[in-house]
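Shown next, in structure tokens, is the structure this report addresses.
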Amino acid sequence: MSSRLQVPVFSLRDTMECGQFFRFTQVGRTYVVQTGGRIFALWQKKDTLYYDGVEEEFLLRFLRLDEDLGAILKMIDRDPVIHSAIETYRGLRLIRQDPWECLISYLCSSAKGIPHIRSIIENLCKCSGRKVRYGNYVGYEFPEPVCLTSSRQWDWVGAGFRKSYLVKAGQCIEREGLINLKNLPYREAREALTELPGVGKKVADCVLLYGLDFLEAFPIDTWIKKGLQKAYFRNRQVGPKKMEEFVSRHFGRFAGYAQLYLYHYWRNQPIR
DNA sequence: ATCCAGGGGGATT
DNA sequence: AATCCCCATGGA
């Protein structure tokens, strides 16, 4: 029934639960994962990843198992703080998300906790009206852009003031245009994304890092900001510009991985 | 640069 | 049950 894969530097648990990705449900030791119109199951024992309902080819890309994480971690391991985060969570990987799904997810994320983000996204998926099943578990496909523009009842979605962002994104964006941002330099792709209402630097960087393969993107939210201040700036106030310059210079072209590790690390052992 | 509305769930009391 | 807290964005 299920297939298996050897995964040397990989932690399914940390990869799922670090807050980068929202569409999964934990059922015992199994994660039922949804993305786009897919629904499949993953579980891990030691260095073996078991999967069901998905092709290996997709999974390798989705979980970035085609990437030499060990080599990347060596490159970002620049100081005792990041070193400790890497030691604690080695195997945490970026998930390569669908760009459109990623944009909508992070538009929903502004000033929200993870449970509510998940609930908004699930409600949006119900708008697509297309059911998917894995065993007893029933979900819905992620809606296409045009699906969000039509006049519908938005109240029950619970998106609040993000509603207008979502409608606008549905009107402006086609998958093609979003994917083409990959061909631009990081700065330009970021400029283009922040043209959209509701997309500031933080949300743009999330879309660039999680959806568009810009591994130098380093999303700075309040957790990261507090942590960076404490760890690298002796608790001094420091402007967003200086902070961006620092992480870019300090961590280099794989800064996004550093952000992933630091975020997970600081969220799980609060900054004093 | 700085301040703050705005929205709804979670934590706290 | 009531109140406080949280927070990315955007506009003043």
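Lettering follows sequence order; numbering is per chain, from 1.
- In this structure, the OH atom of Tyr165(A) is 10 Å from the P atom of dG7(B), given to the nearest Å.
- Residue Thr222(A) places at least one side-chain N or O under 4.0 Å from the OP1 or OP2 atom of dC7(C).
- Partner assigned to dG10(C) is dC4(B), using Watson-Crick or G-U wobble distances below 3.5 angstrom.
- Comparing Pro240(A) and His116(A) by the nucleotide of DNA chain B whose heavy atom lies nearest to each, the residue mapping closer to the 5' end is Pro240(A).
- The aromatic rings of Tyr257(A) and Tyr261(A) sit tilted relative to each other, their planes meeting at an angle between 30° and 60°.
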Pair Gln6(A)-Thr48(A), side-chain hydrogen bond (donor to acceptor under 3.5 Å, both in side chains): steps then yes or no:
CA-CA 5 Å; Gln6(A) 286 308 114; Thr48(A) 306; 3.1 Å; yes
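- Between Phe218(A) and Phe251(A), the two ring planes are parallel [angle under 30°; tilted spans 30° to 60°].
- Contact check, Trp223(A) against dC7(C): a side-chain N or O comes under 4.0 Å of OP1 or OP2.
- Residue pairs meeting the salt bridge (Lys or Arg N to Asp or Glu O under 4.0 Å) criterion with at least one partner in residues 24-51 of chain A, sequence neighbours excluded, are Arg38(A)-Glu55(A).
- Distance Phe22(A) CZ to dG9(B) P: 16 Å, rounded to the nearest Å.
- As a whole-Å value, the separation of Phe161(A) CZ from dC6(C) P is 16 Å.
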Under 3.5 Å, which N/O atoms of the protein pair with N/O atoms of nucleotides 11-13 of chain B?
none

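- Tyr106(A) and Phe22(A) have their aromatic ring centers within a separation under 6.0 angstrom.
- Cation-pi check for Lys226(A) over Trp223(A) is met; the charged atom lies under 6.0 angstrom from the ring centroid and within 45 degrees of its normal.
- As a whole-Å value, the separation of Ile117(A) CD1 from dC7(C) P is 12 Å.
- Between the CG atom of Asn123(A) and the C1' atom of dG7(B) there is a distance of 15 Å, rounded to whole Å.
- Ring geometry for His264(A) against Tyr89(A) counts as tilted: the plane angle lies between 30° and 60°, on a 0 to 90° scale.
- Straight-line distance from the CD1 atom of Ile121(A) to the C1' atom of dG8(B): 16 Å, rounded to whole Å.
- Non-hydrogen atoms lying under 4.0 Å from DNA chain C are contributed by Leu196(A), Pro197(A), Gly198(A), Val199(A), Gly200(A), Lys201(A), Lys202(A), Val203(A), all within residues 184-210 of chain A.
- Between the P atom of dG10(B) and the CD1 atom of Ile114(A) lies a distance of 12 Å, rounded to the nearest Å.
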**Prompt:** Going through the distances and angles, do Glu67(A) and Arg93(A) end up as a salt bridge (charged side-chain N to carboxylate O under 4.0 Å, His left out)?
**Reply:** CA-CA 9 Å; Glu67(A) 190 162 71; Arg93(A) 280 179 189 261; 5.2 Å; no
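- Below the 3.5 angstrom threshold, one finds a donor paired with an acceptor across the side chain of Lys112(A) and the base of dG8(B).
- Contact between Val81(A) and Ala231(A) at its shortest, heavy atoms only, is CG2-CB, 4.0 Å.
- One can place CD of Gln237(A) at 12 Å from C1' of dT2(B), the figure rounded to the nearest angstrom.
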